[in-house]
Number of protein chains: 2
Amino acid sequence: MQNLLFDFIAKYVSLNDDEKNAILSLDLFHSVKKGTILLKEGQTSKNSYFVLKGCIRTYYILDCEEKTTAFHTEMEALTPPCVINQTPSEYYISCIEDCILLVSNSDMEVEVNNKFPKFEIMCRKLSEELLAKQRIDFDAFKTSSPEQRYLNLLEKRPDLIQRVPQHQLASYLGIKPQSLSRLRARIFEKKT
Amino acid sequence: MQNLLFDFIAKYVSLNDDEKNAILSLDLFHSVKKGTILLKEGQTSKNSYFVLKGCIRTYYILDCEEKTTAFHTEMEALTPPCVINQTPSEYYISCIEDCILLVSNSDMEVEVNNKFPKFEIMCRKLSEELLAKQRIDFDAFKTSSPEQRYLNLLEKRPDLIQRVPQHQLASYLGIKPQSLSRLRARIFEKKT
DNA sequence: AAAAGCCCTTCACTTAAGTTAAAAAACGCA
DNA sequence: TGCGTTTTTTAACTTAAGTGAAGGGCTTTT
């Protein structure tokens with residue numbers, strides 16, 4: 001698990017043993033059971049998450065309905081907007097599988113960044129990269145139909161379709177579960 | 001104009017005169033005429049933009065159709081994904097008004113960041129903030145209907161509805177111009 | 001083992017967006 | 001000002017998503 005982390009970091013900056021030990025001394029690793037809610041609407045939090053194993057989901061509850069907007073799986077980071085803006089969270093985060101997560105808080109990050117400017121660089125690079133990636137996803141969502149979005153997901157993240165309940169996938173695609181079911185049937189028809 | 005920039009920067013880090021002069025010596029300020037295309041599909045670029053005055057638009061051309069995905073107005077920054085990923089651009093950027101822009105390139109940024117770690121910190125904070133903001137926008141888009149999106153835009157960025165042609169707004173909202181026109185008529189009906 | 005709950009699918013119906021076409025309005029420039 | 005182009009609106013029709021309801025297959029609970 002530690003190597004997974006260090007391999008990930010190595011894509012952005014190279015660490016010496018001192019720096020690696022500094023990270024390990026922070027006690028970031030946590031095992032979390034499926035179903036655990038990491039963040040609730042209205043809560044304030046300073047925690048960021050990095051998924052080493054498993055899958056976490058962010059969702060809103062609007063009009064008594066869950067609206068899933070993101071899934072984060074292996075090697076993906078998540079800093080909720082409420083942490084950045086220091087506001088109460090508008091959404092929930094829960095584990096939809098047993099997970100191994102890195103949990104860091106922003107006070108800790110400030111401290112580490114001061115001590116090791118390298119981390120500051122890594123955070124910048126990672127944020128810039130995530131911003132670009134999210135921009136591309138957003139654009140793809142805007143410019144395509146629900147059916148195209150599903151086909152795109154099938155191509156880009158086939159694992160999600162396997163490991164995530166369909167009604168959660170539906171709102172992730174911006175539609176109702178019934179529509180996803182129908183849409184899948186339609187695609188299946190076309191193939192035959 | 002310079003003060004607009006320094007006021008913006010002051011929200012993230014505080015600069016001394018040396019640092020301010022270092023920025024000014026970079027010759028970042030550019031006046032750009034309406035209609036100018038800043039980036040084309042297929043091009044590689046190292047340029048980031050910051051809008052001091054005016055409005056720039058990012059759009060794709062898919063199936064011979066323009067799909068507008070973003071507008072950037074006063075005090076908004078834009079680093080295209082192609083700059084981050086070092087890949088050919090998938091989209092176009094053009095000025096839809098006469099603009100005053102800051103144009104920086106990534107080589108320059110690397111240099112400045114090395115010289116003044118403060119800039120590194122500013123870039124990180126700005127990226128994190130933009131990431132959170134974009135996340136919220138994306139989520140709002142996913143969880144709402146075209147009509148709700150339009151009403152939301154009317155509330156949050158009424159200026160855009162005034163200064164941007166409607167067919168560009170339409171694809172920004174994820175629909176066709178005819179649908180936007182109809183939707184507006186529908187809203188107007190309801191009000192009366 | 002029966003009951004309850006949840007999830008997915010299906011169906012009939014409603015609503016709204018896409019499409020195609022044409023007219024009306026606004027704009028740009030000579 | 002006037003002509004030509006672009007943009008917006010309107011309309012009729014098609015397609016697909018939303019809605020409400022019902023059924024079937026699982027799993028969990030009692």
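Only heavy atoms go into these numbers, but all of them, side chains included; no hydrogens, no water, no symmetry mates. Order of the sequence lines sets the chain letters (A, B, ...), proteins ahead of strands, with each chain counted from 1.
The interatomic distance linking B/Leu180 (CG) with D/dT7 (P) rounds to 14 Å, in whole Å. Remark: C1' of C/dC8 and OH of A/Tyr150 are 13 Å apart, rounded to the nearest angstrom. Remark: P of D/dT9 and CG of B/Leu169 are 11 Å apart, rounded to the nearest angstrom. D/dT6 atom P lies 18 Å from atom CD1 of B/Ile96, rounded to whole Å.
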Would you tabulate the side-chain donor-acceptor contacts of residues 18-33 of chain A under 3.5 Å, counting partners in other chains and residues two or more places apart, or write 'none'?
residue, atom, partner, partner atom, Å
A/Glu19, OE1, A/Asn16, N, 2.8
A/Glu19, OE1, A/Lys118, NZ, 3.0
A/Glu19, OE2, A/Lys118, NZ, 3.3
A/Asn21, ND2, A/Asp17, O, 3.2
A/Ser25, OG, A/Ala22, O, 2.7

Nucleotides 14-23 of chain C: protein proximity per nucleotide (B base, S sugar-phosphate only, - neither; heavy atom, under 4.0 Å): --SBBSB---
Reading 5' to 3' through nucleotides 24-30 of chain C, protein heavy-atom contacts under 4.0 Å coded B for base, S for sugar-phosphate only, - for none: -------
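Under a 4.0 Å N-O distance rule, the pair A/Glu90/A/Lys67 does not qualify as a salt bridge. Salt bridge A/Glu128/B/Lys125: absent, no basic N to carboxylate O contact under 4.0 Å.
When ring centroids are compared, B/Phe119 and B/Phe116 come within the 6.0 Å threshold.
For A/Lys34, the salt bridge (charged side-chain N to carboxylate O under 4.0 Å, His left out) test picks out no residue, with sequence neighbours left out. Looking at residues two or more places apart in sequence or on another chain, you find no side chain to side chain donor-acceptor pair (under 3.5 Å) involving B/Ser127. With sequence neighbours left out, B/Glu97 forms a salt bridge (charged side-chain N to carboxylate O under 4.0 Å, His left out) with B/Arg163. With sequence neighbours left out, B/Arg57 forms a salt bridge (charged side-chain N to carboxylate O under 4.0 Å, His left out) with B/Glu66.
B/Tyr92 forms part of a hydrophobic cluster together with B/Ile37, B/Tyr59, B/Ile61, judged by ILVMFWY side-chain heavy-atom separations under 4.5 Å. In this structure, A/Val110 stands alone, with no Ile, Leu, Val, Met, Phe, Trp or Tyr side-chain heavy atom under 4.5 Å from its own, directly or through other members. Using a 4.5 Å cut-off between side-chain heavy atoms of Ile, Leu, Val, Met, Phe, Trp and Tyr, A/Ile84 forms no hydrophobic cluster with any other residue.
Between A/His167 and C/dC6 there is no side-chain N or O to OP1 or OP2 distance below 4.0 Å.
Note: A/Tyr60 OH to B/Thr143 OG1 = 7.0 Å, rounded to the nearest 0.5 Å.
Residues A/Gln43 and A/Leu38 share a closest heavy-atom pair of OE1-O, 4.5 Å.
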Set out, line by line, the N/O atom pairs under 3.5 Å between protein and nucleotides 24-30 of chain D.
none

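Defining each end axis of the helix from C/dA1-D/dT30 to C/dA30-D/dT1 as the rotation carrying four pairs' C1' atoms onto the next four, with five pairs an end, the two axes are found to diverge by 50° to 10 degrees.
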